[in-house]
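Here is the structure we will look at.
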Amino acid sequence: MSDISAGKQIRVARRDALDGDTAQTPGLIRDVAFDARNPDAAHLSAFLSTVKPGAVTGAHHHGDQETVLYVVSGTSRFRWGDRLEHVAEAGPGDFVFVPSYVVHQEINASAEFETVWAVVRSGVNPVVVNLPELDAYIEHAAIEYTAPQ
């Protein structure tokens, strides 16, 4: 047996044990599966993101971390750029790559159904830099939700 893997183990994060104690963006709920609290994590974090029907996030970026999203359910719209001028949509089974420092907004394209993503980020401490100064450029929510306190 290799000394490299000695003591390390495969871990399973059960859906009912995911933890919301992480950086949040209004309009989106992040439930952590793995982050720096995983003792074997060196490079990645993973979580489940849920955007309520008709909800949007504000403009934000994730610092030097790259992000990969897998759309589990729903239809997601992504806007990005200095003024959120670019747009793409993704549905169930699609993967989305968000480069480091790219300012973006996530939108649930449905006012009836949640959209859910499995997310992996290239850092064990997920970074979220919210940019309220870009509110003039965001797509507005079809349904308004208040941010969790």
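Every heavy atom of this structure was used, including side-chain atoms; hydrogens, water molecules and symmetry mates were not.
Pairs passing the side-chain hydrogen bond (donor to acceptor under 3.5 Å, both in side chains) check and including a residue from residues 92-104, sequence neighbours excluded, read His60-His104, His62-His104, His104-Glu106. Pairs passing the ring pair (Phe, Tyr, Trp, His ring centres under 6.0 Å) check and including a residue from residues 110-139, sequence neighbours excluded, read Phe78-Trp117. Sequence neighbours left out, not one pair with a member in residues 54-74 passes salt bridge (Lys or Arg N to Asp or Glu O under 4.0 Å).
For the residue pair Thr115 / Ser76, a side-chain donor-acceptor distance below 3.5 Å is found, with atom types taken as modelled.
Pro53 places a side-chain heavy atom less than 4.5 Å from the side chain of Glu114. A 4.5 Å side-chain heavy-atom check between Asn125 and Val127 finds every atom pair outside the cut-off. At least one side-chain heavy atom of Leu69 sits less than 4.5 Å from a side-chain heavy atom of Val98. Within the 4.5 Å cutoff, the side chain of Arg121 has no heavy atoms near those of the Leu44 side chain. Residues Arg30 and Val119 are not in side-chain contact: their nearest non-hydrogen atoms beyond the backbone lie 4.5 Å or more apart.
For Asp135, the side-chain contact (heavy atoms from CB on, under 4.5 Å) criterion is met by Pro132, Ile138, not counting sequence neighbours. Not counting sequence neighbours, the partners of Arg77 by the salt bridge (Lys or Arg N to Asp or Glu O under 4.0 Å) test are Glu89, Glu139.
Minimum interatomic distance between Ala41 and Val124 (heavy atoms only, all atoms of both residues): CB-CG1, 3.6 Å. The heavy-atom pair separating Gly91 from Val71 by the smallest distance is O-CB, 3.2 Å. Ala59 approaches Leu134 most closely through the heavy-atom pair CB-CB, 3.8 Å. Annotation for His61 and Val102: closest pair CB-O, 3.5 Å, computed over non-hydrogen atoms. Between Asp82 and Glu85, the shortest heavy-atom contact is N-OE1, 3.5 Å.
Within 6.0 Å of atom NE2 in His43, 12 or fewer heavy atoms from other residues, nucleotides or ligands are found, so the atom counts as exposed in its surroundings.
Cluster partners of Leu18 are Leu48, Val68, Tyr70, Val72, Phe95, Phe97, Val116, counting Ile, Leu, Val, Met, Phe, Trp and Tyr whose side-chain heavy atoms approach within less than 4.5 Å, directly or via other members.
Looking at Asn108, its side chain never comes within 3.5 Å of a backbone N or O of Ala55 through a donor-acceptor pair.
Rounding to the nearest 0.5 Å gives a distance of 9.0 Å between CG of Leu84 and CG of Leu131.
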